[in-house]
Amino acid sequence: MPPGQRAPVPALERLATYHRHLLDLEQESVVTISSAEMETHTGIPAAQFRKDLSYFGDFGTPGVGYVVTELRAAIDRILHVHEEQCLLLVGAGNLGAALVGYPGLMEQKFRLVAVFDNNYAKIGRQLWNLEIYDVARLKEINSVLQARIGVIAVPRQAAQEAANALVDAGVNALLNFAPATLRVPSHVMVRNVSFVQELAVLSYHVASVASVEQPSDR
Ligand code: NAD
């Protein structure tokens, strides 16, 4: 890929999927894998897999395939998941508590380093191993922590305010769990996560399958 050109976001999403499967394959001591076998594992066509990798260089050997450990390490570097990434969390509620307590984050080198809330009943208390700070201190605290990823787990009405505070504190990537459309400067990337939205897509699928099912299928 020419310098300065960025890979399309869907390619990055698929790269993260390949990465997860490669970690599993490493655990199973699989040494090499072909693009056809990757298709079987991920459901992503082999040609798409090869095209996605081609944005970042030449990988694999004809007739041999890809060395699992090498490809996983290469994707580590591409996605920058080989270095620890510090995250800030705004919203120490139900979802926030579940995120802080999730051990899988650390396994992937993502470290939640500070939690913020605006509820004085929560500020100063512990959420798992982290103290909950006043959201008004976000910029001051991040001037020390230097985290660049922010996670938003506040109610919809407070999401823009939380985003503004995070961006003002130097964050340039946001993972937004709130059902709100955020307005951010162009250098900030937002990824919205909604399990209700995902369920709506599954609901459509369930309805489509039901409409073509024959009575004898039941
Ligand atoms: P919650 O009410 O338990 O927690 C919200 C927290 O945000 C509270 O601690 C509250 O004090 C804090 N807060 C409110 N305004 C704030 C502000 N301006 N600054 C800092 N903190 C503030 O809610 P929850 O169940 O944890 O849900 C949090 C958000 O996540 C909601 O927007 C909800 O819709 C969303 N959610 C999304 C998914 C998903 O799949 N994306 C799943 C569950 C919840």
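These numbers were taken from a predicted model, which means no experiment stands behind them. When a ligand or atom number is given, it counts from 1 through the structure's own listing order. Heavy-atom basis, side chains included; hydrogens, waters and symmetry copies ignored.
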Ionic contact status for R20 with D24, cut-off 4.0 Å: no
Ligand 1 to F116 polar contact by distance, N or O atoms, under 3.5 Å: no
Ligand-residue contact atoms, ligand 1 with N119, heavy atoms, under 4.0 Å: 11 (O)
Protein heavy atom at shortest distance from atom 31 (C) of ligand 1: V154 O, 3.3 Å
Minimum-distance protein heavy atom relative to atom 21 (N) of ligand 1: N118 N, 3.4 Å
P155 and ligand 1 - part of the residue with a heavy-atom distance under 4.0 Å: both
Residues R72, E26: salt bridge by 4.0 Å N-O rule: yes
Geometric N/O contact F195 with ligand 1, under 3.5 angstrom: yes
Contact atoms of ligand 1, heavy-atom distance to R156 under 4.0 Å: 32 (O)
4.5 Å side-chain heavy-atom contact, E131 and Q126: yes
Protein contact of atom 4 (O) of ligand 1 - nearest heavy atom, named by residue and atom, plus distance: G93 CA, 3.2 Å
Element-labelled atoms of ligand 1 that are located less than 4.0 Å from some non-hydrogen atom of K122: 8 (C), 9 (O)
Protein contact to atom 37 (C) of ligand 1 [nearest heavy atom, distance to 0.1 Å]: F177 O, 3.0 Å
Nearest atoms (heavy-atom pairs only) where D52 meets R14: OD2-NE, 2.6 Å
Side chains of Q146 and R148, donor plus acceptor under 3.5 Å: yes
Check against side chain to side chain contact (heavy atoms under 4.5 Å, CB included), L182 and Q160: CA-CA 6 Å; L182 301 175; Q160 186 63 54; 4.0 Å; yes
Sub-4.0 Å atoms of ligand 1 with respect to non-hydrogen atoms of A178: 32 (O)
Side chains of V90 and V151 in contact at under 4.5 Å (non-hydrogen atoms): no
Min heavy-atom dist A162 to ligand 1 below 4.0 Å: no
Where I152 and A159 come nearest, the two heavy atoms and their spacing: CD1-O, 4.0 Å
V90: numbered ligand 1 atoms lying under 4.0 Å from its heavy atoms: 20 (C)
Heavy-atom nearest neighbour in the protein, as seen from atom 24 (P) of ligand 1, with distance rounded to 0.1 Å: L95 N, 3.9 Å
Side chain, backbone, both or neither: the part of V196 lying under 4.0 Å from ligand 1 by heavy atom: neither
Which residue and heavy atom of the protein sit nearest atom 15 (N) of ligand 1, plus the separation: A158 CB, 3.4 Å
Min N/O separation D117 to ligand 1 under 3.5 Å: yes
Atom 3 (O) of ligand 1 [closest protein heavy-atom partner, distance rounded to 0.1 Å]: N94 N, 2.9 Å
Donor-acceptor contact present, side-chain T61 to main-chain V64, <3.5 Å: no
Distance filter under 4.0 Å to V193 heavy atoms, resulting ligand 1 atoms: 39 (C), 41 (N)
Test item: C86 and F110 side chains (from C-beta on) under 4.5 Å apart, heavy atoms: no
Trace of the salt bridge (charged side-chain N to carboxylate O under 4.0 Å, His left out) decision for R111 with E84: CA-CA 7 Å; R111 194 155 71 90; E84 190 172 85; 2.9 Å; yes
Check: R191 and L174 side chains under 4.5 Å, non-hydrogen atoms: no
Heavy-atom nearest neighbour in the protein, as seen from atom 34 (O) of ligand 1, with distance rounded to 0.1 Å: P179 CD, 3.3 Å
